[in-house]
Amino acid sequence: IGDYAFSGCTALEEFTVPAAVTSMGSGLFSGCTSLSRLIFADSKEPALAFSYDFFAELGSLQSLYVGRNLEVDYNGVFSNAARLTKATFGGEATYVPGRIFWQAPALEEVEIGGKVDSVGWAAFAECPKLASVVLPEGLRVVDYDAFQGDSLLAQISLPAGLQVLGSGAFSGCSRIEELTVPAGIRRLPDYLFSGCTRLRSLSLPEGLEALGSGTFSDCASLTEVPIPEAIRELPESVFYGCSGLDSIAIPENIEVIGRHAFGSCSGLQAVSFGAQVDTIRDGAFYECGALQRFYYGGTMGDWCRTFIEAG
């Protein structure tokens with residue numbers, strides 16, 4: 001489809017990009033002030049690429065359907081789509097491109113179809129009105145910052161086949177209250193749920209092997225976190241600012257308590273752990289002003305062999 005092909009078509013309300021289309025020119029919908037629905041027909045053709053101004057001209061767009069793979073090389077290609085409220089990925093689309101809806105101001109609802117196996121980095125980050133997301137069972141990857149800062153997103157179900165979660169993928173999603181991490185996840189990355197201030201119920205899989213720095217930092221509503229047996233370390237700032245924690249019984253599998261692991265846990269009053277903990281990093285309980293009781297289950301000899309980092 002050539003440059004400016006439909007320029008000035010002010011009565012055009014809906015447009016379907018045919019499956020056979022392999023390229024789209026500049027200024028294609030320039031002046032199409034009534035275009036409210038755009039459909040990319042289902043297609044197995046190679047990913048369709050665009051010029052930047054193609055997206056800049058879609059200010060009247062309200063609904064988007066993507067049935068094929070798109071190649072997007074620009075931050076927030078729909079950030080100017082002030083009326084776009086719903087986006088659907090289905091058909092032959094196998095991924096959601098990174099950054100495609102970054103800061104989309106009106107996006108409220110996202111539906112992702114069964115063939116999509118990955119959501120790209122910052123794909124839906126900082127969408128201030130995004131409240132509903134449906135993820136397919138075949139999804140394997142949610143990349144870093146994918147839903148970062150979506151403060152109205154209150155509920156999301158992570159599919160059972162999910163294998164990779166990127167750093168900060170749900171950071172700042174301050175309305176999410178409960179989450180179940182599926183069994184295929186082996187590591188929770190840095191700052192994954194940081195700033196999820198209403199998160200109060202969390203289920204982690206038994207096969208989970210590692211937590212990242214700041215994974216649950218500033219989750220102020222968490223009152224307890226079940227730590228699976230395969231985890232050996234509580235890394236830096238993992239529970240920093242979790243003011244809802246009032247007591248912690250560190251399980252026997254934990255050997256290292258990282259720097260600021262429980263820093264600024266202002267409600268924390270009691271901590272217990274045993275001889276299995278052999279390293280306590282600098283400021284592990286920094287600014288825990290309410291902390292009154294430590295319970296240690298090892299012997300004096302065990303305690304003397306524990307490395308406590310000064311700082």
Side-chain angles (χ1 to χ4, degrees), residues 13-17 28-29 32-40 47-48 50 52-91 93-136 139 141-159 165-166 168-177 179 193 195-196 198:
E13 296 181 355
E14 181 175 311
F15 186 84
T16 299
V17 180
L28 194 62
F29 298 109
C32 295
T33 54
S34 299
L35 184 61
S36 62
R37 178 165 170 76
L38 181 61
I39 300 168
F40 290 92
L48 187 59
F50 309 86
Y52 177 76
D53 61 359
F54 172 85
F55 296 99
E57 295 158 355
L58 299 176
S60 60
L61 190 66
Q62 298 177 34
S63 176
L64 174 71
Y65 172 81
V66 180
R68 64 182 299 173
N69 288 333
L70 305 179
E71 183 179 327
V72 177
D73 293 324
Y74 311 99
N75 281 326
V77 292
F78 286 102
S79 61
N80 291 324
R83 299 181 183 179
L84 178 63
T85 58
K86 182 176 181 180
T88 303
F89 283 77
T94 60
Y95 62 85
V96 178
R99 303 169 295 177
I100 185 170
F101 296 105
W102 176 63
Q103 293 186 337
L107 189 63
E108 298 176 357
E109 182 180 354
V110 171
E111 196 170 315
I112 302 176
K115 289 190 177 181
V116 173
D117 66 4
S118 65
V119 175
W121 68 276
F124 302 99
E126 298 181 34
C127 293
K129 294 187 177 181
L130 184 59
S132 175
V133 174
V134 177
L135 300 176
L139 191 69
V141 177
V142 175
D143 214 336
Y144 68 92
D145 290 344
F147 298 95
Q148 179 265 328
D150 293 342
S151 57
L152 289 187
L153 187 60
Q155 187 173 3
I156 191 162
S157 178
L158 301 180
L165 287 166
F170 298 99
S171 62
C173 293
S174 55
R175 295 207 178 188
I176 292 178
E177 295 187 5
L179 271 171
F193 300 116
C196 292
R198 296 190 188 182

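Since we're looking at a predicted model, the values are computed, not measured.
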Determine the minimum heavy-atom distance between [X] and [Y], stating which atoms define it.
X	Y	value
Asp143	Ala169	O-CB, 3.8 Å
Ile100	Leu70	CD1-CD1, 4.4 Å
Gly120	Ala146	O-CB, 3.9 Å
Ser174	Arg198	O-CG, 3.0 Å
Ala123	Pro97	CB-O, 3.6 Å
Pro105	Ala82	CG-CA, 3.9 Å

Hey, can you tell me if Phe101 and Phe89 have their rings parallel, tilted or perpendicular (30° and 60° cut-offs)?
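Phe101 vs Phe89 ring planes: perpendicular.
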
What's the separation between atom [atom1] in [X] and atom [atom2] in [Y], rounded to the nearest 0.5 Å?
X	Y	atom1	atom2	value
Leu38	Phe15	CG	CZ	8.0 Å
Leu64	Leu58	CG	CG	8.5 Å
Ser171	Gln148	OG	CD	4.5 Å
Phe40	Thr16	CZ	OG1	10.0 Å
Arg83	Gln62	CZ	CD	6.5 Å
Leu153	Ile176	CG	CD1	4.5 Å

Do Asn69 and Thr94 get their side chains close enough for a donor-acceptor pair, meaning under 3.5 Å?
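Per modelled atom types, Asn69 and Thr94 side chains form a pair under 3.5 Å.
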
Counting only heavy atoms not in Glu177, do more than 12 sit closer than 6.0 Å to its CD atom?
yes

Where do Leu152 and Leu130 land on the side chain to side chain contact (heavy atoms under 4.5 Å, CB included) test, with the steps shown first?
CA-CA 6 Å; Leu152 289 187; Leu130 184 59; over 6 Å; no

Test Val17 against Leu48 for side chain to side chain contact (heavy atoms under 4.5 Å, CB included), laying out the working first.
CA-CA 10 Å; Val17 180; Leu48 187 59; 4.2 Å; yes

Student check: side-chain heavy atoms of [X] and [Y] closer than 4.5 Å:
X	Y	answer
Ser60	Thr33	no
Val141	Tyr95	no
Phe124	Val119	yes

Identify which one of Asp150, Val134, Leu135 satisfies the side-chain contact (heavy atoms from CB on, under 4.5 Å) criterion when paired with Ile156.
Leu135

Could you go through the side chain to side chain contact (heavy atoms under 4.5 Å, CB included) check for Val110 and Phe147 one step at a time?
CA-CA 11 Å; Val110 171; Phe147 298 95; 5.9 Å; no

